[in-house]
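Excluded from the calculations below are hydrogen atoms, water molecules and symmetry mates; all remaining heavy atoms, backbone and side chain alike, are included. Residue numbers count from 1 along this sequence. As the structure lists them, so they are numbered: ligands from 1, and atoms in each ligand from 1.
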Amino acid sequence: MFKFSVVPFDPKRPMKTVVVFAHEKARLLPEAQAVDRLHKGALAKASKNSRFQGAAGEIFTVTGLSGGDGRALICGLGKWKEMKENDWRMRGLDIGKKIDELGLAEATICLGSQTGEVPPGDAAQALLEGLHLALYRFDRFKTDQKPHQEAKFRRVVLAVDSASVSPVKRALSGFHGLMAGSDLTRELVNLPPNIALPQYMVGEAAKLAGLGIRVDVLDEKRLKKLGMNLILAVGAGATKTQQPRLIVMKYQGAGKNKPFRAIVGKGVMFDTGGYNLKPTGSMETMKCDMAGAGAVMGLMKALALRKSRVNVIGVCGCAVNMVSDKAYLPSAILKSYKGLTVEIGNTDAEGRLVLADAIAYVIQKEKPKELIDLATLTGACMVALGGQYAGLFSTDDGLAEALLASGKRTGERLWRMPVDDAYAAKPLLADVNNDGKRFGGASTGAVFLKKFAGKTPWAHLDIAGVALSEKIPEPFLPVKGATGFGVRLLVDYLENR
Ligand code: BES
Ligand code: MN
Ligand code: ZN
């Protein structure tokens with residue numbers, strides 16, 4: 001991860017690579033003008049003789065400054081006065097991609113005083129988040145990397161208005177913790193399914209214990225004793241060393257007397273569909289089916305590193321949905337941890353089974369005041385919202401509104417969808433059925449989960465479309481692979497509510 005420092009803006013400070021901003025009609029912001037003056041108008045002149053318009057997404061490069069290898073990147077902001085926090089994040093992504101393309105090791109970004117209606121601290125954090133999100137790489141399995149392909153960026157200097165230096169520093173105090181959490185989630189989701197297995201998640205949780213998080217791991221024997229037959233059924237087809245694990249992590253940053261919130265993640269380490277096997281074309285990306293659990297793991301790490309004043313229980317329900325002579329069958333009837341009997345309409349609707357036991361268990365054992373689950377639950381949600389928004393399902397308007405607000409701030413956007421019993425799958429021989437349909441399927445999944453959340457205020461985030469951007473035409477992050485969706489969203493939610 002790059003290092004950063006925050007300094008008062010001074011155009012005379014030596015800067016080999018300087019990033020400045022322009023808005024509509026390629027007009028330079030004041031700090032950019034100051035840099036331009038220092039270089040005798042070279043920035044304005046070069047950009048005037050180009051197609052650069054200062055639109056959002058444009059970056060114009062001026063080379064040969066200071067009589068040699070000095071360089072300026074002029075980042076277009078577009079309608080600068082209308083910018084929201086997330087627009088600064090998007091510009092950070094633009095700059096990050098350019099920095100990576102140029103193979104730069106460091107840069108000075110002249111954010112200056114012109115952050116419009118967004119407080120400078122928030123704009124600075126969003127900008128650096130974007131930069132970091134764009135510069136993340138997952139290339140450890142490429143054994144033939146050439147030196148020019150390696151990640152080089154090490155250091156960014158953020159030059160701000162002198163009055164903003166301390167507020168910006170304060171706003172960035174938890175930045176490394178936040179991005180370390182986001183990186184962990186991206187890594188877990190990017191890792192292939194032959195490595196990222198339930199026991200691997202246990203190893204990651206054990207590392208978090210070193211940060212002051214209490215970790216309890218339920219292996220298949222304890223799951224059996226407790227009657228968690230749904231999660232066991234989903235993992236039954238996997239080999240002995242790949243059996244399910246329920247990981248419960250407790251972070252108590254708000255003190256002993258404050259209640260806990262629970263965050264539960266779907267951790268299907270790979271989803272073949274089971275006997276309702278997925279066809280070619282649908283199965284290839286299913287290593288992402290643990291992105292909910294991956295987000296919970298990254299979230300716990302971020303909270304601990306940031307020393308957030310919140311009490312949170314993170315739960316990862318981990319299993320591998322496989323086909324074998326031990327695998328569960330369509331039409332099986334299973335007794336859940338909560339006591340409800342479940343008829344298996346489809347072995348490919350396994351996520352709601354894993355979550356049902358995990359949710360019922362944490363509610364029964366810890367009595368959290370509120371529960372949020374994250375899951376790559378349905379293809380139907382991805383059809384509805386594509387790669388731009390995750391589905392939000394909740395029976396609690398206050399909780400839903402707060403999550404929507406966090407989504408807007410962090411750019412991990414949510415769209416509310418119905419939780420209505422009219423969508424429920426009809427059971428034939430048991431209390432509930434796990435089946436779903438193509439039409440309205442995201443709500444069918446949510447209605448199933450609601451039965452297991454009972455009276456606890458609850459929200460469900462269907463992140464099927466936003467967790468992995470490999471095949472999605474319009475991903476919410478313009479970077480291939482895992483996005484880390486959920487970590488920044490929930491850190492914001494938990495710390496601000
Ligand atoms: N893991 C999938 C959902 C999914 C699809 C995630 C695409 C990411 C991208 C889930 O377990 C699943 O298979 N859902 C089924 C449910 C159906 C059988 C009721 C689906 O969406 O088709
Ligand atoms: Mn499935
Ligand atoms: Zn799945």
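What sits closest to atom 22 (O) of ligand 1 on the protein, heavy atoms only, is Gly379 N, 4.6 Å. At the top of the distance list for atom 17 (C) of ligand 1, counting protein heavy atoms only, stands Ala349 CB, 4.3 Å. Looking only at protein heavy atoms, the nearest one to atom 16 (C) of ligand 1 is Arg352 NH2, 3.9 Å. Scanning the protein heavy atoms around atom 15 (C) of ligand 1, the nearest turns out to be Asp348 O, 3.9 Å. Nearest non-hydrogen protein atom to atom 10 (C) of ligand 1 is Leu377 O, 3.2 Å. In this structure, the protein non-hydrogen atom closest to atom 18 (C) of ligand 1 is Asn346 ND2, 3.3 Å.
A salt bridge links Glu187 with Arg140: the distance from a Lys NZ or Arg NE/NH1/NH2 to an Asp or Glu carboxylate oxygen falls below 4.0 Å. A salt bridge links Glu85 with Arg89; the closest basic N to acidic carboxylate O contact falls under 4.0 Å. Ion pair Arg222/Asp219 not flagged as a salt bridge, since none of the NZ, NE, NH1 or NH2 atoms sits closer than 4.0 Å to an Asp/Glu carboxylate oxygen. Looking at Glu366 and Lys250, a side-chain N of the basic residue comes within less than 4.0 Å of a carboxylate O on the acidic one, giving a salt bridge. Ionic pairing of Asp100 and Arg137 is present here: one or more N-O contacts between side-chain nitrogen and carboxylate oxygen are shorter than 4.0 angstrom.
One distance of note links CZ of Phe452 with OG of Ser336; it measures 4.5 Å at 0.5 Å rounding.
The shortest N/O to N/O separation between Lys278 and ligand 1 falls below 3.5 Å.
The distance cut-off of 2.8 Å around the Zn ion (ligand 3) captures these protein N, O or S atoms, sorted by chain and number: Lys266 NZ, Asp271 OD2, Asp289 OD2, Glu350 OE2. Inside a sphere of radius 2.8 Å centred on the Mn ion (ligand 2), the protein N/O/S atoms present are Asp271 OD2, Asp348 O, Asp348 OD1, Glu350 OE1.
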Would Arg245 and Leu218 count as a side chain to side chain contact (heavy atoms under 4.5 Å, CB included) here? Give the steps.
CA-CA 6 Å; Arg245 297 287 182 266; Leu218 282 64; over 6 Å; no
If you apply the rule side chain to side chain contact (heavy atoms under 4.5 Å, CB included), what do you find for Glu204 with Lys301, and how did you get there?
CA-CA 10 Å; Glu204 286 301 317; Lys301 181 170 186 174; over 6 Å; no
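Counting heavy atoms closer than 4.0 Å to ligand 1, residue Asp271 contributes side-chain atoms (C-beta onward) but none from N, CA, C or O.
Annotation: salt bridge (Lys or Arg N to Asp or Glu O under 4.0 Å) contacts involving residues 330-348, sequence neighbours excluded, comprise Lys278-Asp348. The salt bridge (Lys or Arg N to Asp or Glu O under 4.0 Å) pairs that include a residue from residues 373-402 are Asp397-Arg416, where partners are two or more places apart or lie in different chains.
Contact check for Arg306 versus His176: no side-chain heavy atoms found under the 4.5 Å cut-off. Between Pro244 and Leu223 there is a side-chain heavy-atom pair separated by less than 4.5 Å. Residues Val264 and Val296 form no side-chain contact, since every pair of their non-hydrogen atoms from C-beta on lies 4.5 Å or further apart. You'll find the side chain of Pro192 reaches within 4.5 Å of the side chain of Phe141, heavy atoms only. Between Leu403 and Leu490 the shortest side-chain heavy-atom distance falls below 4.5 Å.
Atoms of ligand 1 lying under 4.0 Å from at least one heavy atom of Glu350, given by number and element, are 11 (O). Those atoms of ligand 1 with a heavy atom of Thr376 less than 4.0 angstrom away are 1 (N), 2 (C), 3 (C), 6 (C). Distances below 4.0 Å separate heavy atoms of Lys266 from the following atoms of ligand 1: 1 (N), 10 (C), 11 (O). Using a 4.0 Å cut-off to heavy atoms of Gly436, the atoms of ligand 1 that qualify are 19 (C).
The closest approach between any non-hydrogen atom of Met286 and ligand 1 is below 4.0 Å. For the pair Met283 and ligand 1, no heavy-atom separation below 4.0 Å is found.
Seen from the ring of Phe260, Lys369 does not count as a face-on cation partner, given the 6.0 Å and 45° thresholds.
Judged by distance alone, with hydrogens and angles left aside, the side-chain atoms of Lys426 form a donor-acceptor pair with the main-chain N or O of Ala424 at under 3.5 Å.
Comparing Asp289, Thr444, Asp462 against atom 1 (N) of ligand 1, the shortest heavy-atom distance belongs to Asp289.
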